[in-house]
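For clarity, every value in this text was computed on a predicted model and none was experimentally measured. Side chains are part of it too, since the values below use all heavy atoms of this structure and drop only hydrogens, waters and symmetry mates.
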Amino acid sequence: MTENTMQIAVALVLVNLLAWGAYSTMQDEQEYIEKIIYQQPDVQIANVSVTINYNGAEENATANANITTVNYNVTVIDDTSAFNATLEASKGNFQVTFSWHPTFGVFVNEIDGIPGGCAYWQLLYNGDASSLGASSLKLQDNDSITWKYNTDYC
């Protein structure tokens with residue numbers, strides 16, 4: 001090989017390396033743009049109905065005294081749990097007290113001044129007893145939850 005041929009071969013290798021490096025950089029930038037800049041997190045939104053059924057205890061309610069059943073339509077964004085929907089419904093309407101249990105999540109102790117005891121606030125999901133706790137139950141658009149003051153064990 002002559003010196004000119006060797007110089008041409010080295011130049012071609014350098015040009016190819018530069019081109020490959022530029023291509024790789026552009027691919028990294030494109031991936032960054034697609035994954036980081038334009039990709040927005042999915043936001044869950046649900047329009048749901050929250051009902052409070054005092055089931056005979058309404059005379060003890062602090063905000064809704066003497067009203068047996070109260071319904072609230074709320075929109076929950078991002079956290080679509082039944083617990084968050086309950087908190088949204090409570091804003092300016094009634095008070096909710098709760099405790100956190102590591103095993104099963106949130107436990108609703110009291111709604112609108114009416115505590116549990118032998119009675120408790122039962123969570124119904126679309127008309128049926130919920131198999132999940134309020135913080136675990138994820139709601140979809142048009143779902144309904146009911147908090148019913150259950151006195152079956154009194």
Side-chain angles (χ1 to χ4, degrees), residues 15-154:
V15 167
N16 279 323
L17 286 174
L18 286 172
W20 179 253
Y23 175 77
S24 294
T25 301
M26 288 173 52
Q27 291 298 73
D28 290 344
E29 287 177 16
Q30 183 65 31
E31 183 177 322
Y32 173 80
I33 290 170
E34 289 175 0
K35 287 190 175 178
I36 307 300
I37 296 177
Y38 291 119
Q39 184 178 5
Q40 297 297 319
D42 289 338
V43 175
Q44 301 295 320
I45 299 174
N47 295 301
V48 299
S49 170
V50 177
T51 301
I52 309 299
N53 181 346
Y54 294 94
N55 194 30
E58 57 271 5
E59 64 189 29
N60 300 318
T62 55
N64 296 309
N66 300 318
I67 302 172
T68 304
T69 304
V70 183
N71 188 57
Y72 303 95
N73 293 315
V74 298
T75 300
V76 286
I77 301 171
D78 200 25
D79 177 3
T80 62
S81 68
F83 178 63
N84 191 42
T86 303
L87 293 179
E88 285 296 316
S90 75
K91 290 179 180 177
N93 297 312
F94 57 88
Q95 185 177 1
V96 177
T97 61
F98 58 91
S99 53
W100 176 260
H101 296 272
T103 307
F104 59 88
V106 169
F107 181 79
V108 173
N109 298 314
E110 183 177 300
I111 294 178
D112 199 6
I114 303 173
C118 66
Y120 63 97
W121 286 101
Q122 179 182 16
L123 177 59
L124 304 174
Y125 173 56
N126 292 330
D128 296 319
S130 176
S131 60
L132 296 173
S135 55
S136 299
L137 178 60
K138 300 300 180 191
L139 304 175
Q140 303 290 321
D141 229 11
N142 300 315
D143 278 349
S144 68
I145 61 168
T146 299
W147 287 101
K148 180 183 178 187
Y149 194 65
N150 190 320
T151 59
D152 290 348
Y153 299 108
C154 295

Spacing of [atom1] belonging to [X] relative to [atom2] belonging to [Y], to within rounding of 0.5 Å:
| X | Y | atom1 | atom2 | answer |
| --- | --- | --- | --- | --- |
| Ser135 | Phe107 | OG | CZ | 12.0 Å |
| Gln95 | Ile114 | CD | CD1 | 12.0 Å |
| Leu139 | Ser81 | CG | OG | 7.0 Å |
| Trp147 | Thr69 | CH2 | OG1 | 15.5 Å |
| Leu123 | Leu132 | CG | CG | 9.0 Å |
| Tyr153 | Cys118 | OH | SG | 11.5 Å |

Do [X] and [Y] make a side-chain contact, defined as non-hydrogen atoms from C-beta onward lying under 4.5 Å apart?
| X | Y | answer |
| --- | --- | --- |
| Val48 | Ile145 | no |
| Val96 | Thr86 | yes |
| Asp112 | Tyr54 | yes |
| Thr51 | Ser144 | no |
| Asn47 | Asn73 | no |

Test item: [X] side-chain N/O and [Y] main-chain N/O as donor-acceptor pair under 3.5 Å:
| X | Y | value |
| --- | --- | --- |
| Asp143 | Gln140 | yes |
| Tyr149 | Ile52 | no |
| Glu58 | Gly56 | yes |

Angle between ring planes, His101 versus Phe104, binned at 30° and 60°: parallel, tilted or perpendicular?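 Parallel: the ring planes of His101 and Phe104 meet at under 30°.
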Q. Parallel, tilted or perpendicular for Tyr72 and Phe94, by the 30°/60° rule?
A.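 Taking Phe94 first and then Tyr72, their aromatic rings sit tilted (interplane angle of 30° to 60°).
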Mind running side-chain contact (heavy atoms from CB on, under 4.5 Å) on Glu59 and Asn66 for me, showing each step along the way?
CA-CA 5 Å; Glu59 64 189 29; Asn66 300 318; 3.9 Å; yes
Criterion side-chain contact (heavy atoms from CB on, under 4.5 Å) on Val106 and Trp100, from CA distance to verdict: CA-CA 5 Å; Val106 169; Trp100 176 260; 3.6 Å; yes
- Item | Ile45 vs Val76, side-chain contact (heavy atoms from CB on, under 4.5 Å): CA-CA, chis, key distance, verdict | CA-CA 6 Å; Ile45 299 174; Val76 286; over 6 Å; no
Q | Nearest heavy-atom neighbours spanning Gly113 and Pro115 | A |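 Heavy atoms of Gly113 and Pro115 come nearest at O-CD, 3.3 Å.
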- request: Evaluate side-chain contact (heavy atoms from CB on, under 4.5 Å) for Asp79 paired with Lys138, printing each intermediate quantity in order.
  value: CA-CA 8 Å; Asp79 177 3; Lys138 300 300 180 191; 3.8 Å; yes
